[in-house]
Structure formats: structure tokens, C-alpha cells
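Only a predicted model underlies this, so the values are computations on that prediction, with no experimental measurement involved.
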Amino acid sequence: MAVIEIKNSKLTVGINTCGSELMYINSSRGTEFLWNGDEKMWSYRAPVLFPICGKLKDDTYTYNGKKYILKKHGFARKSEFKGEKLSTTKAEFVLDCNKNTLQVFPFEFRLKIVFELLENKLKVSNIVENLSEREMYFSIGAHEGYNCPEGIEEYYIEFEHPQTLDSYKLNGNLLENNSIRVMENDTVFPLKYEYFAVDALVFKNIKFNKVSLVHKHSCKKITVEFDKANYFLLWTKPRANYICLEPWNGVQDMVGSDYDITEKEGIIKLGAGKDYTSIHTIECLA
């Protein structure tokens, strides 16, 4: 486990080889944009979700008639990656399948995550390669927690275009089929702790690919732009000083899941020898 640092004149970024997890995003002026991982509240900062996003029903799925146990958000966030600093502003992290991953995920794969600084933006490329001789089923998602030292209610979420948002209800960590409307035809979504009394806000079939976290009383603004996500989540813990903005290529199991991963909602089906890339950028202003 080691932290690899990249930097330019605008930002300094540290990434841990354990989980290929972002450890800090700091501006040249000293602003800390990323949550600090305080164990009293939430020990993670920006876990990578692979090969599932969210929780499976009973932590279980089936494939070709065999049952597998896979914990919430998958194993990548706890796995040791091979990290390499490619330049002052770019680093690459690689996780290959091994005997431990094959016990819970019966596919040969390579997961490559590339971090690159571009002025005041951090570009994150998630590249999944299917090294198996059969179709592979997986999900991948981002889970960065952004620092809100004043509390999240001093911030709001901003969209480029008016949105109508229905959040799907959670039963424990599983999704129900019904939803509740939380915003209608607006570009600004004020953050309130009451939204997260159960867990997260889960938005399906999203019509946006860019969101901003904006501080009400300063020029601090974090914009997350993404390419392929069909789901977007907001999450924090009660009274916590962070908010997670999460573009997901996949989603939690439904309450009525039949466990079959080939039929799981949101699952990505990747052909033998093929690769899949999802990209999101984090723009930091203060």
C-alpha cells in the first residue's frame, strides 16, 4: 500500500494503491475538496465500485446455476492495485484477476484506472478488459465523497438544464419499485440531511451527465461530468461533513431479485476479449 501523487499548478492529487482510491484533491490555495476519511464518520474517501455497484440481495448472485457470495460494492475497493506514475500529472493503477477474485467472480479480467490532471480538472478513466472466453457480467461506479466542512445544507446541487427527479425508495440496501419525487423542472436541488435518513437518493434512467456541488456563500464549486452512467446517487450519513456524488454503471438489487446476474438490472454484458471504458471528470474551483 502506497500513495502516488500527481500535481500541476492548480491541483495536487494523491491516490492509494489500495483500492486505487483517491486520498486527497487539494488546490494550490489550500482548499481540500475531498473528504478526509475520518473513521468516526466514514473511513472511505472515494472507493471504486467493481464488479458490482451497491448491494446484492443476501450478498448473493447466481451464474450458470452456481451460487456466489459477493459483498456490497464488490472487491476492488479493498484490493491492492499495481500503481505507476506515468508523468507528473498522470498515473495508472491496474488490478488483475487472481485466485481470490475468481472465487467470488468467475471471470478473468483486468481493471485499469487512469488518473490525469488537466488544469483544474481530474480525469478518471475506468477501463475493464474481459480476458475470459465468454461474456462477462459486471457493473462499475464512482463513489467520491466531497468535503463539506460547513455541513451539506450549506451547499446545493446544480444541473445544466431543468430536471425532474424521482428517487427510488430503499428497503435496507435494496431498491423497491416505487419512487418519490424530490424535484420538478428545476436546476437547483438544495441539500437536506433529512433526505438521507434511510440511506441514499437513487436516480434511474437519468437525463443528465453533469452535476455541480456549489457552496452557497463562496466561489467553491465541484463539477462532476460523466459519459455512460444510467444511474446517479447522492449519499451521506446524518450530520456528516461530506456528500458523495456517484455516477454508476449499474445499481443495487431490487427487493424481488431472483439472484441471476445475467438478468440483473443495469448489468453490463461485455463480450469475450472486449473492453469497456467509462470516464468521469472532476472540476474543482474555489
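Taking the charged nitrogens against the carboxylate oxygens, Glu158 and Lys221 do have a contact shorter than 4.0 Å, which makes a salt bridge.
Within the 3.5 Å criterion, the main-chain N or O of Gly14 finds no donor-acceptor partner in the side chain of Glu5. Remark: the backbone N or O of Gly141 is not paired with any side-chain donor or acceptor of Glu246 at under 3.5 angstrom. A donor-acceptor pair is defined here as one N or O able to donate and one able to accept, closer than 3.5 Å; no such pair exists between the side chain of Glu32 and the backbone of Gly30. One N or O on the side chain of Ser87 and one on the backbone of Thr89 form a donor-acceptor pair closer than 3.5 Å. Looking only at distances, no side-chain donor or acceptor of Ser132 sits under 3.5 Å from a matching main-chain atom of Ala272. With hydrogens and angles ignored, the 3.5 Å screen pairs no side-chain donor or acceptor of Trp248 with any backbone N or O of Ile140. Here the side chain of Lys237 pairs a donor or acceptor atom with the backbone of Met41 at under 3.5 angstrom. Distance alone, capped at 3.5 Å, places no donor-acceptor pair between the Ser179 side chain and the Ser167 backbone. Side-chain atoms of Ser27 come within 3.5 Å of backbone N or O of Arg29 as a donor-acceptor pair. Between the side chain of Arg45 and the backbone N or O of Asn36 there is at least one donor-acceptor pair closer than 3.5 Å.
Paired with Tyr155 under the rule side chain to side chain donor-acceptor pair (under 3.5 Å), one option of Lys220, Lys216, His217 passes, and it is Lys220. Under the side chain to side chain contact (heavy atoms under 4.5 Å, CB included) rule, Ile152 has a single partner from Leu234, Leu191, Leu213, Ile157, which is Leu191. Of the listed residues (Lys72, Lys55, Lys57), just one forms a side chain to side chain donor-acceptor pair (under 3.5 Å) with Asn173, and that residue is Lys72. The side chain to side chain contact (heavy atoms under 4.5 Å, CB included) test with Tyr24 singles out one residue from Asn147, Leu11, Thr12, Ile15, and that residue is Thr12.
Using bins of under 30°, 30° to 60° and over 60° for the plane-to-plane angle, the ring pair Tyr242/Trp35 lands in the tilted bin. Using bins of under 30°, 30° to 60° and over 60° for the plane-to-plane angle, the ring pair Trp235/His143 lands in the perpendicular bin. Between Phe75 and Phe50, the ring planes are perpendicular. Angles over 60° get that label, and only those under 30° would be called parallel.
Between Asp186 and Pro162, the closest side-chain pair of non-hydrogen atoms is not below 4.5 Å. Between Thr277 and Asp227 there is no side-chain heavy-atom pair separated by less than 4.5 Å. Looking only at side-chain heavy atoms (C-beta outward), Tyr44 and Glu21 come within less than 4.5 Å of each other. Side-chain contact between Ser125 and Ile279 is present, with heavy atoms from C-beta onward closer than 4.5 Å.
Side-chain rings of Phe138 and Phe109 stay apart, their centers remaining 6.0 Å or farther from each other.
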Quick one, Thr164 with Glu184, criterion side-chain hydrogen bond (donor to acceptor under 3.5 Å, both in side chains). Give me CA distance, side-chain angles, the key distance, then yes/no. CA-CA 4 Å; Thr164 295; Glu184 189 157 9; 5.1 Å; no

Go through it in stages, so that I can follow the logic: the residues are Phe189 and Tyr195, the test is ring-ring contact (aromatic ring centres under 6.0 Å, His included), and I'd like the CA-CA distance, side-chain angles, deciding distance and then a yes or no. CA-CA 11 Å; Phe189 180 66; Tyr195 292 142; 5.1 Å; yes

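Figure legend: Lys204 and Tyr168 shown as a cation-pi pair, the cationic atom lying under 6.0 angstrom from the six-membered ring centre and within 45 degrees of its axis.
Connection of Leu95 to Tyr276 is established within a shared hydrophobic cluster, with ILVMFWY side chains joined at heavy-atom distances below 4.5 Å, either directly or through further cluster members.
No side-chain N or O of Asp253 forms a donor-acceptor pair with one of Tyr61 less than 3.5 Å apart.
Among all heavy-atom pairs drawn from Glu265 and Val251, the shortest one is O-CG1, 3.7 Å.
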